[in-house]
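The residues of the chain are indexed from 1 along the displayed sequence.
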Amino acid sequence: MSDNIVTSFGVLNYSGMLFNKGNTKTPFSTLIGGNRKVTNHVEFVTGQEYQADGGAQPNISEVASLTAPDATFITRAQKTNVTQIFHESVYISYAKESNMGTLSGVNIANQQANPANELDFQVAAKMRKIARDIEYTFINGAYQKATDDSTANKTRGMVAAIESSVLDLNGNPIRVWDVAEAMKLVYDENAPLSNLVLWVDPVTLFQISADAEQNGLTVVNASRTINGIQIKTLLTPLGEVGIYLGEFLPAGTALLINPSVCGPVEQPHPEYGNFFLQPLGLTGAGVKYQIFGQIGLDHGPEWYHAKITGINTSFVKPEPGQRIYATGPIPMVETLPELKKVVLGELTVGTESGALEIEYTVPPASTPTLAYVWQKGNTATGTFSDISDATGSTYTPLTADEGKFIRVKVTASANAQGTALSNAQKVGAANGE
């Protein structure tokens with residue numbers, strides 16, 4: 001791919017205030033920036049782990065104590081991540097650098113070009129791009145350790161790192177109780193609950209705020225600051241947790257992060273440092289510069305964090321008067337059962353499906369109203385699409401459905417609430433075929 005050179009007619013000069021239409025926010029990188037580390041090796045340690053069993057009452061008699069027990073040992077495992085390269089270039093002609101006084105557009109007398117120095121502007125813009133690329137990588141990076149010089153090292157981001165504590169909401173809107181459940185997963189992994197920050201997108205923040213208000217709780221704005229980032233605070237049954245409107249989260253995903261164990265790991269060049277600007281060899285009447293740096297993420301022990309997936313990506317307004325929990329005594333209010341599980345039986349072409357097995361968190365006081373949407377896909381775990389006009393409590397597979405997978409989405413209302421997807425059943429051939 002050839003260079004795109006900054007020339008006089010390629011990048012015109014204008015006067016007036018400069019406004020950047022792009023997004024330059026890098027809150028996660030800023031949040032953990034105070035924990036910066038340096039390495040001289042592409043692979044670095046994120047920690048070592050071991051597990052000491054315990055939590056049982058010994059049953060040792062005096063006679064038994066006269067003989068020492070068999071010796072055992074506790075093993076350790078070392079966890080690592082890698083730095084990766086971020087590399088950009090800027091190429092500016094001499095004519096462009098010497099032609100900054102020429103204005104285009106509305107050329108008003110005595111106006112000056114903005115920016116005044118094209119190289120400074122281009123380099124600053126490239127650095128903002130690198131910063132955003134780093135922010136994306138620290139959240140979504142997929143791990144890859146190079147095995148040869150032509151393979152890229154890729155640092156592991158938070159989404160991929162968190163494996164032990166994962167809460168799947170199965171398309172339901174997030175509630176304060178779900179945040180507490182994610183905190184419990186962290187607690188169950190023997191990790192601390194202090195300093196946790198929930199990294200969310202706007203819809204998730206709306207939903208948590210609405211649920212908190214519905215149940216007499218409060219999201220306190222800018223109640224504390226971490227490395228210059230103002231963090232909201234939510235009170236849950238397991239204690240306080242920070243909330244921040246983050247960047248680059250996958251749809252329907254929130255991260256419960258302990259930033260105290262996270263940090264950027266830089267791998268500087270011994271002579272030039274990290275993310276340095278360097279002129280390259282001259283070719284004709286212009287000069288090309290490169291920006292080079294290497295950085296990775298130390299995410300710490302992954303079990304210090306949690307991940308909430310499958311969050312409903314649309315805001316669901318809470319129903320009036322439906323309070324689930326509160327920090328103080330409240331009047332007794334009937335809580336609607338939630339739809340928990342839907343089981344679909346075998347399916348055969350031309351035969352109406354049997355009655356669905358439907359489970360609730362608690363038995364409804366009276367029969368709920370149920371809405372059905374039948375869906376079809378090519379595989380049991382792939383993409384499903386709604387079947388036209390299939391909205392009844394049963395479904396009769398067509399010939400075209402043979403070999404396909406069918407499932408049903410059930411939504412409860414009136415005397416119950418919630419939405420659940422059934423298992424996917426493969427449609428068999430018609431009886432006798």
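R132 places a side-chain N or O within 3.5 Å of a backbone atom of K25 that can act as its donor or acceptor partner. Side-chain atoms of T137 come within 3.5 Å of backbone atoms of D133 as a donor-acceptor pair (strictly under, hydrogens ignored). A donor-acceptor distance shorter than 3.5 angstrom exists from the side chain of N415 to the backbone of T367, with no hydrogens or angles considered. In this structure a side-chain-to-backbone donor-acceptor pair under 3.5 Å is missing from H305 to G300. In this structure a side-chain-to-backbone donor-acceptor pair under 3.5 Å is missing from T225 to G228. Between the side chain of T361 and the backbone N or O of E338 there is at least one donor-acceptor pair closer than 3.5 Å. With hydrogens and angles disregarded, a donor-acceptor distance shorter than 3.5 Å links the side chain of N35 to the backbone of C262. With hydrogens and angles ignored, the 3.5 Å screen pairs no side-chain donor or acceptor of K232 with any backbone N or O of Y244. Under the 3.5 Å distance criterion, the side-chain polar atoms of D178 are matched with a main-chain donor or acceptor of R175. N172 places a side-chain N or O within 3.5 Å of a backbone atom of L169 that can act as its donor or acceptor partner.
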Between E181 and K184, is the side-chain contact (heavy atoms from CB on, under 4.5 Å) condition met? List the steps.
CA-CA 5 Å; E181 180 65 25; K184 179 180 179 297; 4.1 Å; yes

Could you walk me through whether T394 and E352 satisfy the side-chain hydrogen bond (donor to acceptor under 3.5 Å, both in side chains) test, starting with their C-alpha distance in whole Å, then the side-chain angles of each, then the deciding distance to 0.1 Å, before giving a yes or no?
CA-CA 7 Å; T394 61; E352 184 180 13; 2.5 Å; yes

Chi angles and distances behind the side-chain contact (heavy atoms from CB on, under 4.5 Å) call for L347, K426:
CA-CA 7 Å; L347 294 176; K426 188 174 182 178; over 6 Å; no

Would you check, one step at a time, whether the test side-chain contact (heavy atoms from CB on, under 4.5 Å) holds for F384 with L421?
CA-CA 11 Å; F384 281 75; L421 283 171; over 6 Å; no

Does the side-chain contact (heavy atoms from CB on, under 4.5 Å) test come out yes or no for L344 and V342, once each step is laid out?
CA-CA 7 Å; L344 173 63; V342 176; 5.8 Å; no

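Using a 30° and 60° split on the angle between ring planes, F292 and F276 fall in the tilted class, from 30° to 60°. Using cut-offs of 30° and 60° on the angle between ring planes, the pair F275 and F86 is tilted.
Residue Y91 places its OH atom among more than 12 non-hydrogen atoms of other residues, nucleotides or ligands, all under 6.0 Å distant. Few gaps surround CG on N423; more than 12 heavy atoms of other groups in view lie less than 6.0 Å from it. Within 6.0 Å of CZ in F206 there are 12 or fewer heavy atoms belonging to other residues, nucleotides or ligands. Enclosure of atom CG in D389 is not indicated, since only 12 or fewer non-hydrogen atoms of other residues, nucleotides or ligands lie within 6.0 angstrom. Around atom CD of Q144, more than 12 heavy atoms belonging to other residues, nucleotides or ligands sit under 6.0 Å away. No more than 12 heavy-atom neighbours from other residues, nucleotides or ligands sit within 6.0 angstrom of CG on N378. More than 12 heavy atoms of other residues, nucleotides or ligands shown are found within 6.0 angstrom of CG on L66. Within a 6.0 Å radius of OH in Y372, other residues, nucleotides and ligands contribute more than 12 heavy atoms.
Every side chain to side chain contact (heavy atoms under 4.5 Å, CB included) that Y50 has, sequence neighbours left out, goes to A52, I74, R76. By the ring pair (Phe, Tyr, Trp, His ring centres under 6.0 Å) test, Y395 is found to be paired with W374, residues two or more places apart in sequence or in another chain being considered.
Shown here for A182 and L167, the closest heavy-atom pair between the two residues is N-CD2, 4.2 Å. Across all their heavy atoms, S194 and N258 have their closest contact at O-ND2, 3.6 Å. Shown here for T369 and A414, the closest heavy-atom pair between the two residues is OG1-CB, 3.6 Å. Closest heavy-atom contact between I295 and P264: CD1-CB, 3.9 Å. When all heavy atoms of W303 and E189 are compared, the pair lying nearest together is CE3-O, 3.4 Å. Of all the heavy atoms in L245 and P202, the pair that sits closest is CD1-N, 3.3 Å.
In this structure the side chain of I291 reaches within 4.5 angstrom of the side chain of V123, judged on heavy atoms. Looking at heavy atoms from C-beta onward, L398 lies out of side-chain contact with V349 at the 4.5 angstrom threshold. Side-chain contact check for K376 versus I406: some heavy-atom pair is nearer than 4.5 Å. Using a 4.5 Å heavy-atom threshold, the side chains of S89 and K288 count as touching. Inter-residue side-chain proximity for I358 and L370 is flagged as met; some heavy-atom pair is nearer than 4.5 Å. For the pair E247/T26, no side-chain contact is recorded, criterion being any heavy-atom separation below 4.5 Å from C-beta on. Counting heavy atoms from C-beta outward, I311 and P173 have side chains that stay 4.5 Å or more apart.
Side-chain contact check for E240 and T233: no donor-acceptor pair (N or O, by modelled atom type) lies under 3.5 Å. Checked by atom type, the side-chain pair S29/E135 shows a donor-acceptor distance below 3.5 Å. For the 3.5 Å distance criterion, the side chains of Q48 and Q78 fail to qualify, holding no donor opposite an acceptor. Under the 3.5 Å distance criterion, with hydrogens and angles disregarded, no donor-acceptor pair is assigned to the side chains of T309 and T253. With no hydrogens or angles considered, a side-chain donor-acceptor pair links S164 and E302 at under 3.5 Å. For D298 and T46, the side-chain atoms include no donor-acceptor pair closer than 3.5 Å. There is no side-chain donor-acceptor pair under 3.5 Å between Q84 and N153.
Counting only residues at least two apart or on different chains, the salt bridge (charged side-chain N to carboxylate O under 4.0 Å, His left out) pairs with a member in residues 143-168 are E43-K145.
A salt bridge links R36 to E266: at least one charged side-chain nitrogen sits closer than 4.0 Å to a carboxylate oxygen.
A side chain to side chain contact (heavy atoms under 4.5 Å, CB included) with L198 holds for exactly one of L234, I231, V179; it is V179.
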